[in-house]
Amino acid sequence: MSGKHWPNRATAETADDEQWPTAVPPGAEHPEDLLTDKETANVLGIRDATVRAYATTGYLAAGIERHGRTWWPRRVAEARRDAGDQHHATPGRKPGDPRNRAPRPRHDPRIAEIAELTTRAPLTTADVVQRYGVGERTAQRLLAAARTRAES
């Protein structure tokens, strides 16, 4: 609109420092402007994938869902940028991250039964496959767990 041409695709992909022009001219921004993940990433100085990860982990507001796409108000992005806590510079997962949950213990009743059966006579993987209708790898896993349980 100002007489400048959009960078061609090859130029935009090869030059990391060259950014696509924003939809709103500089100086005409409004706090309630809805930004895409890429526009929010430009405000924060990070990649768009990081914006989506921040929204997933709660570090950034979840955004507003409209027309099948997620949008973030400019004020939210600017508040995150101005917070100054440098979250993205610290490696590792943070407390509250849903990926930090410990795996749930799984109690398979077949393990106790197989452990008891092996005390009477040795079982093979084929025996466990036939008796429980499981795959060979599952049968091996069950036998290993039963052996560990018997040794404990």
Side-chain angles (χ1 to χ4, degrees), residues 1-115 125 128-129 131-152:
M1 294 185 352
S2 63
K4 294 182 182 176
H5 294 283
W6 289 89
N8 66 24
R9 190 166 183 82
T11 305
E13 289 177 357
T14 56
D16 290 336
D17 56 345
E18 183 176 350
Q19 292 183 357
W20 291 86
T22 57
V24 178
E29 298 96 352
H30 188 274
E32 293 305 315
D33 288 340
L34 294 178
L35 307 177
T36 64
D37 52 354
K38 290 180 181 170
E39 292 167 333
T40 304
N42 281 340
V43 170
L44 295 173
I46 55 178
R47 296 185 49 208
D48 53 333
T50 307
V51 169
R52 294 187 298 271
Y54 282 178
T56 301
T57 60
Y59 182 69
L60 182 66
I64 301 165
E65 185 77 24
R66 288 200 180 150
H67 309 292
R69 187 164 188 177
T70 305
W71 304 82
W72 288 268
R74 182 179 302 278
R75 64 180 161 70
V76 170
E78 289 174 347
R80 172 53 45 216
R81 178 194 64 202
D82 297 339
D85 57 356
Q86 297 295 317
H87 174 77
H88 55 278
T90 307
R93 296 180 179 168
K94 301 292 178 206
D97 188 334
R99 297 172 296 174
N100 281 344
R101 293 181 294 208
R104 285 178 266 157
R106 295 190 178 156
H107 303 288
D108 194 337
R110 297 175 293 188
I111 294 172
E113 190 176 329
I114 290 171
T125 303
V128 175
V129 167
R131 183 179 187 103
Y132 295 101
V134 296
E136 186 174 336
R137 178 63 192 119
T138 302
Q140 292 170 351
R141 182 185 57 80
L142 290 169
L143 280 171
R147 273 190 226 108
T148 303
R149 183 175 178 162
E151 292 171 2
S152 300

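- Remark: Thr70 engages Glu65, Trp72 in a side-chain contact (heavy atoms from CB on, under 4.5 Å) (not counting sequence neighbours).
- When every heavy atom of Leu35 is checked against every heavy atom of Ala77, the shortest pair comes out as CD1-CB, 4.4 Å.
- Not a single side-chain hydrogen bond (donor to acceptor under 3.5 Å, both in side chains) links Arg69 to another residue, sequence neighbours left out.
- For Val76, the side-chain contact (heavy atoms from CB on, under 4.5 Å) partners are Leu60, Ala61, Pro73, not counting sequence neighbours.
- Take Arg81 and apply the salt bridge (charged side-chain N to carboxylate O under 4.0 Å, His left out) test, not counting sequence neighbours, and it matches no residue.
- By the 6.0 Å contact criterion, CD on Gln140 is enclosed, its count of non-hydrogen atoms from other residues, nucleotides or ligands being greater than 12.
- Considering all non-hydrogen atoms of both residues, Ala115 and Ala146 come closest at N-CB, 3.7 Å.
- Between Ala139 and Val128 the shortest heavy-atom distance is CB-CG1, 3.7 Å.
- Contacts of Glu113 classified as side-chain hydrogen bond (donor to acceptor under 3.5 Å, both in side chains), with partners at least two apart in sequence or in another chain: Tyr132.
- Distance alone, capped at 3.5 Å, places no donor-acceptor pair between the Thr50 side chain and the Ile46 backbone.
- The pair Arg74-Glu32 does not count as a salt bridge, with every side-chain nitrogen at least 4.0 angstrom from each carboxylate oxygen.
- In terms of heavy-atom proximity, Arg149 sits nearest to Ala112 at NH1-CB, 3.0 Å.
- A donor-acceptor contact shorter than 3.5 Å is absent between the side chain of Glu78 and the backbone of Arg75.
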Note to self: Pair Thr125, Val129 - check side chain to side chain contact (heavy atoms under 4.5 Å, CB included), show working.
What the structure shows: CA-CA 6 Å; Thr125 303; Val129 167; 4.3 Å; yes

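- When the side-chain contact (heavy atoms from CB on, under 4.5 Å) test is applied to Arg141, the partners found at least two apart in sequence or on another chain are Asp108, Arg110, Arg137, Thr138.
- For the pair Arg80 and Tyr59, the cation-pi criterion (under 6.0 Å, within 45° of the ring axis) is fulfilled.
- Residue pairs meeting the salt bridge (charged side-chain N to carboxylate O under 4.0 Å, His left out) criterion with at least one partner in residues 52-61, sequence neighbours excluded, are Asp37-Arg52, Asp48-Arg52.
- The minimum heavy-atom distance linking Leu34 with Trp71 is given by the pair O-CE3, 3.7 Å.
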